[in-house]
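First comes the structure, then the notes that go with it.
Here the structure is a predicted model, which is why all the values come from computation and not from measurement. Order of the sequence lines fixes the chain letters, A, B, ..., with proteins taken first and strands second; residue numbering starts at 1 for each chain.
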Number of protein chains: 4
Amino acid sequence: MAGSVNKVILVGNLGKDPEVRMTQGGAKIVSFTLATSDTWNDRASGERRERTEWHRVVIFNDRLADVAERFLRKGRQVYLEGSLQTRKWTDQGGQERFTTEVIIDRFRGELTLLDSRPDGEAGGQYGAPAERRQAAPAYSGNAGPDDEIPF
Amino acid sequence: MAGSVNKVILVGNLGKDPEVRMTQGGAKIVSFTLATSDTWNDRASGERRERTEWHRVVIFNDRLADVAERFLRKGRQVYLEGSLQTRKWTDQGGQERFTTEVIIDRFRGELTLLDSRPDGEAGGQYGAPAERRQAAPAYSGNAGPDDEIPF
Amino acid sequence: MAGSVNKVILVGNLGKDPEVRMTQGGAKIVSFTLATSDTWNDRASGERRERTEWHRVVIFNDRLADVAERFLRKGRQVYLEGSLQTRKWTDQGGQERFTTEVIIDRFRGELTLLDSRPDGEAGGQYGAPAERRQAAPAYSGNAGPDDEIPF
Amino acid sequence: MAGSVNKVILVGNLGKDPEVRMTQGGAKIVSFTLATSDTWNDRASGERRERTEWHRVVIFNDRLADVAERFLRKGRQVYLEGSLQTRKWTDQGGQERFTTEVIIDRFRGELTLLDSRPDGEAGGQYGAPAERRQAAPAYSGNAGPDDEIPF
DNA sequence: TTTT
DNA sequence: TTTT
């Protein structure tokens, strides 16, 4: 392959609080769904139409998994970069299924919180835990190692 | 929605010649699969690993559908931008299935051919039709209207 | 040229209200500066460092120039895509100078407002004019033509 | 800053072989100019117009600086991601000048070679050194640390 | 000049 | 399931 690029850029809002799970090896994996929305005027009717797209995001990168666990909550707006990956799995009936996810792993991906909320007004609006209320609410980072992350 | 972004950027190679179909309304739809590839050294074994990801791309934009039909062929390397869309369909057994595609439509998307081949050396390498051999082999365009496309 | 890509993606805040000017031909041109910021821990001292980068953005696209004029104000957070262009000019001393700008023109570019403010709480925070207070505060659009813009 | 993004994506060709220099601290810095090109039909005359844009790229990331030094040559086509940075300097007359560059540093950036050339046909076309002729000609990497780079 |  |  003469060089390839597989990149997704999303700005959207979390549909729910993220799910956190640990691998047997002790690595943290955080996943959530992110909504993006398009609105347009229908050509025929002139009516305003809207379509919401739901994206499944999975973070394998240890550091960004930590950040996601601490700062991401239902409703929060986020900018992220990841790559597309389609995973095969078998359903209860033994049928092959495919699920496409946006992956942030140790190689690639970024996560930036966009709608920082000052302490006072956060008001549990996003179910923010203690950490978020105390920490700087805006975070930005890429998939690099600890000492190379600008925050 | 306080502003959202849904963007995919891919550089890869077509797995097959594109498929062209027409809607009842006479619009052209072109679809193809695009391969991207990652290679890395496994942390444990140190072995070189490779993973190819296949992306399903669908072009609803009339102009870019034309370009894709004329210039894209199996193996050809392309840069493209589109947006993610997951479509629900029902399989033969009546089961709901989901397929995620990269959409280039009248609103958004770009297509740029990267591996232009001068006439002499094309040699049918990509099954290029007459048009491609005669036309300028590198094309770039976005999803805008006819007179706004830079080519 | 075998296909090329020239794309800038920025999320930042306007340093001032945008400037609007008209060409002799009656086209509207809107320009502003956008701040992006990086923070990181210095490797040697461990101190937290910050650097703000200022980007000069110029919108030649009629539709997005209108949107920018109506909705963008000092402090507002925006996502945008454009392309890089370096312009030569001559200073008062007759010396050649170069300025690099992020261009949104009739061919390419996008503009999405990220920090929509409901009427009630906008509070003149961004000097929002009457239009903004009345209109839907979140806007998203690309450089396409009128009837192809999703808003 | 409530989260910001400063990203440039370019696909273009090197204008010259890259320049390599070392800092006093022993870090390698590689810089080059990259051409991107737009062609369009003029609205008034209908004539085909072309404009080439030159981008100044500077790589501070050790690993990618190595890759650039070894594999990049005049004419080579590359995909890269970096961030915009405007640097102030003083010319011989004591006047302040500004230069905008695309930076790939230890925090952010990617570099992917697009026009891989098999050994046989490279033919010194890009002044490829011994390494390039022997090594896998397609390379892709991001700004992460050694053991996290997929190649 | 923004923002946190 | 988000958001406006």
Side-chain angles (χ1 to χ4, degrees), chain A residues 10-19 31-40 48-57 71-78 80 112-122 125-127 132 134-140 150-151, chain B residues 1-6 86, chain C residues 10-19 31-40 48-57 71-78 80 112-122 125-127 132 134-140 150-151, chain D residues 1-6 86:
Chain A
L10 299 176
V11 174
N13 298 81
L14 273 81
K16 293 185 181 175
D17 284 359
E19 290 173 25
S31 55
F32 55 88
T33 51
L34 195 77
T36 58
S37 172
D38 276 311
T39 53
W40 69 96
R48 195 182 175 107
R49 303 283 310 272
E50 174 160 8
R51 178 189 165 93
T52 294
E53 192 68 34
W54 287 97
H55 310 273
R56 184 167 169 73
V57 179
F71 298 121
L72 295 187
R73 289 297 176 273
K74 176 178 176 175
R76 180 102 208 217
Q77 188 185 36
V78 71
L80 65 82
T112 300
L113 278 61
L114 291 178
D115 57 349
S116 70
R117 305 281 160 169
D119 298 359
E121 79 174 21
Q125 192 163 5
Y126 297 129
R132 215 197 103 229
Q134 286 154 14
Y139 167 82
S140 171
F151 85 102
Chain B
M1 180 74 71
S4 72
V5 174
N6 173 1
T86 297
Chain C
L10 299 175
V11 174
N13 300 80
L14 273 80
K16 292 185 181 176
D17 285 359
E19 289 174 27
S31 55
F32 54 89
T33 51
L34 195 77
T36 59
S37 172
D38 277 310
T39 53
W40 69 98
R48 195 183 175 108
R49 304 284 309 273
E50 174 161 7
R51 180 189 162 93
T52 294
E53 192 69 33
W54 288 98
H55 310 273
R56 184 167 169 76
V57 180
F71 297 121
L72 295 187
R73 289 296 175 275
K74 177 179 177 174
R76 180 103 208 218
Q77 189 186 35
V78 70
L80 64 83
T112 300
L113 277 61
L114 291 177
D115 58 349
S116 70
R117 306 279 160 170
D119 296 2
E121 78 174 20
Q125 193 162 7
Y126 297 129
R132 217 199 99 226
Q134 288 155 12
Y139 166 82
S140 172
F151 85 102
Chain D
M1 178 77 69
S4 71
V5 174
N6 174 0
T86 297

(message) Does C:Ser37 contact E:dT3 through a side-chain donor or acceptor facing the base, at a distance under 3.5 Å?
(response) no
(request) Nearest whole angstrom, please: distance from the P of F:dT3 to the CG of A:Leu114. (result) 15 Å
(request) Please tell me which of the listed nucleotides, E:dT4, F:dT1, E:dT1, lies nearest to the side chain of C:Glu50? (result) E:dT4
(request) Could you check how far CZ of C:Arg76 sits from C1' of E:dT3, rounded to whole Å? (result) 14 Å
(request) Run the numbers on C:Arg51 and C:Glu53 for salt bridge (Lys or Arg N to Asp or Glu O under 4.0 Å), then give the verdict. (result) CA-CA 6 Å; C:Arg51 180 189 162 93; C:Glu53 192 69 33; 2.9 Å; yes
(request) Between E:dT3, F:dT2, F:dT1, spot the one nearest the side chain of A:Thr52, thanks. (result) F:dT2
(message) Please report the distance, rounded to the nearest Å, between CZ in A:Phe71 and P in E:dT4.
(response) 16 Å
(message) If you define the side chain from C-beta out and look only at heavy atoms, does anything of A:Gln77 sit under 4.5 Å from C:Asp115?
(response) no
(request) Apply side chain to side chain donor-acceptor pair (under 3.5 Å) to A:Arg49 and list each qualifying residue two or more places apart in sequence or on a separate chain. (result) none
(request) Measure from CZ on A:Arg51 to C1' on F:dT3 and round the result to the nearest Å. (result) 16 Å
(message) Without decimals, in angstroms, what is the distance between C:Leu14 CG and E:dT2 P?
(response) 11 Å
(request) Go through the structure and list residues passing side-chain contact (heavy atoms from CB on, under 4.5 Å) with C:Ser31, not counting sequence neighbours. (result) C:Glu19, C:Arg21, C:Arg56, C:Val58
(message) Would you say the base of E:dT2 stacks on C:Trp54 (centre-to-centre below 5.5 Å, plane angle below 30°)?
(response) no
(request) Provide, to the nearest angstrom, the distance between the CG atom belonging to C:Asn13 and the P atom belonging to E:dT4. (result) 7 Å
(request) Specify the separation, in whole Å, of atom CD of A:Gln77 and atom C1' of F:dT2. (result) 11 Å
(message) Rounding to an integer number of Å, can you tell me how far C:Arg73 CZ sits from E:dT1 P?
(response) 20 Å
